[in-house]
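Worksheet for the structure shown next.
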Amino acid sequence: MFRMAHPVGERQELNTQTVLYGVFGSPVMQSKSPLMLNRAFAVAGINAAYAAFEVSPRNLAAAVAGIRALGFRGINVTIPHKVEVMEYLDEIDESAQMIGAVNTIVNDGGRLTGYNTDGIGYVRSLREETGFVPDGKRIVVLGAGGAARGIVHSLARAGAREIVIANRTANRATELAAALAAAGVIRGIGMEALPEACAACDLLLNTTQVGMRPLLGQSPLDPKLLRPQMLVSDIIYNPRETLLLREALNRGAAVHGGLGMFIHQGAYAFELWTGLPAPITEMRQIVEQSLAEG
Ligand code: NAP
């Protein structure tokens with residue numbers, strides 16, 4: 001299916017053999033996915049092109065029909081379509097079903113299958129960058145939105161001893177814990193119960209928007225709750241170092257930023273689409289360079 005005629009690492013010329021990919025979202029124009037995936041295809045010597053498509057909710061069904069009609073091999077799905085897109089696909093992978101959201105679509109001859117690579121990408125990044133293994137660990141997750149769903153599911157599947165989801169809107173945390181109960185020991189709490197949960201945790205993880213624009217320079221919790229024995233992780237990657245991570249470093253804790261999750265969710269998608277290992281080093285390098293240039 002793929003042509004490997006070009007020297008590895010060189011940008012391909014588009015032609016009639018070019019295999020098409022993209023990301024559907026709204027807003028999507030700030031996305032680093034086209035930069036990252038086009039670099040990955042070029043490094044792997046694959047004749048492919050990846051573009052960003054601004055798709056409004058009312059056009060989502062037509063856009064998915066377009067995947068089949070135009071023969072796109074793969075599509076990433078981002079905010080606000082990760083849940084709604086599921087109703088237009090032919091099959092949903094078991095994990096994505098439990099998570100309740102899809103961020104990657106694979107087109108096999110017109111048959112569309114949905115996957116979720118966010119959580120598994122997070123766990124892979126955590127292991128690679130910090131050596132943290134979830135098995136047997138106590139974990140506190142701040143936030144109960146879309147990103148938390150995939151991450152909590154993957155951490156539970158990786159053997160976490162207990163996961164506590166703490167959220168500003170407490171009932172969203174308890175609902176998410178109940179929805180993922182089959183994956184492991186998970187409970188939801190309001191922010192007032194956070195001190196007790198933090199006293200016993202090995203990993204504290206922020207999945208809220210607190211720390212990025214327009215909440216830049218804010219932290220999702222009182223820094224007094226941070227302890228040197230904890231690993232503190234933030235899935236925000238712009239800025240690379242949030243106030244939460246700075247405060248954690250000040251208190252002697254180890255930290256883990258969000259860029260690795262972004263790289264690895266894209267790497268998993270690349271692997272689902274091509275069956276080849278993703279060139280992670282080069283993918284990371286081009287995204288880091290773009291973030292540094294602002
Ligand atoms: P979402 O579904 O809208 O969920 C947002 C969560 O943040 C909710 O739990 C919400 O609490 C909480 N929240 C928002 N504003 C808050 C505030 N001012 N104070 C306290 N809590 C607040 O969003 P999402 O899709 O999960 O994304 C969340 C973050 O993850 C974003 O910053 C996004 O950029 C990042 N992300 C990173 C990656 C990556 O690859 N690194 C991937 C996906 C997402 P309530 O329920 O109380 O509203």
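Order of listing sets the numbers, starting from 1, for every ligand and every atom in it.
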List for me each residue that meets side-chain hydrogen bond (donor to acceptor under 3.5 Å, both in side chains) alongside T207, sequence neighbours excluded, and say none if there are none. none
S290: side-chain hydrogen bond (donor to acceptor under 3.5 Å, both in side chains) partners, not counting sequence neighbours: K32
Does E94 have more than 12 heavy atoms from other residues, nucleotides or ligands lying within 6.0 Å of its CD? no
Distance under 4.0 Å, heavy atoms only, partner ligand 1: which residues pass? I79, G143, A144, G145, G146, A147, N167, R168, T169, R172, T207, T208, Q209, V210, M212, L215, I235, I236, Y237, G258, M261, F262
CZ of R227 to CZ of R251, rounded to nearest 0.5 Å, is 12.0 Å
Only counting residues at least two apart or in another chain, list the ones meeting ring pair (Phe, Tyr, Trp, His ring centres under 6.0 Å) with F72. F53
L126, I163, V140 screened by side chain to side chain contact (heavy atoms under 4.5 Å, CB included) with L203, the one that passes: L126
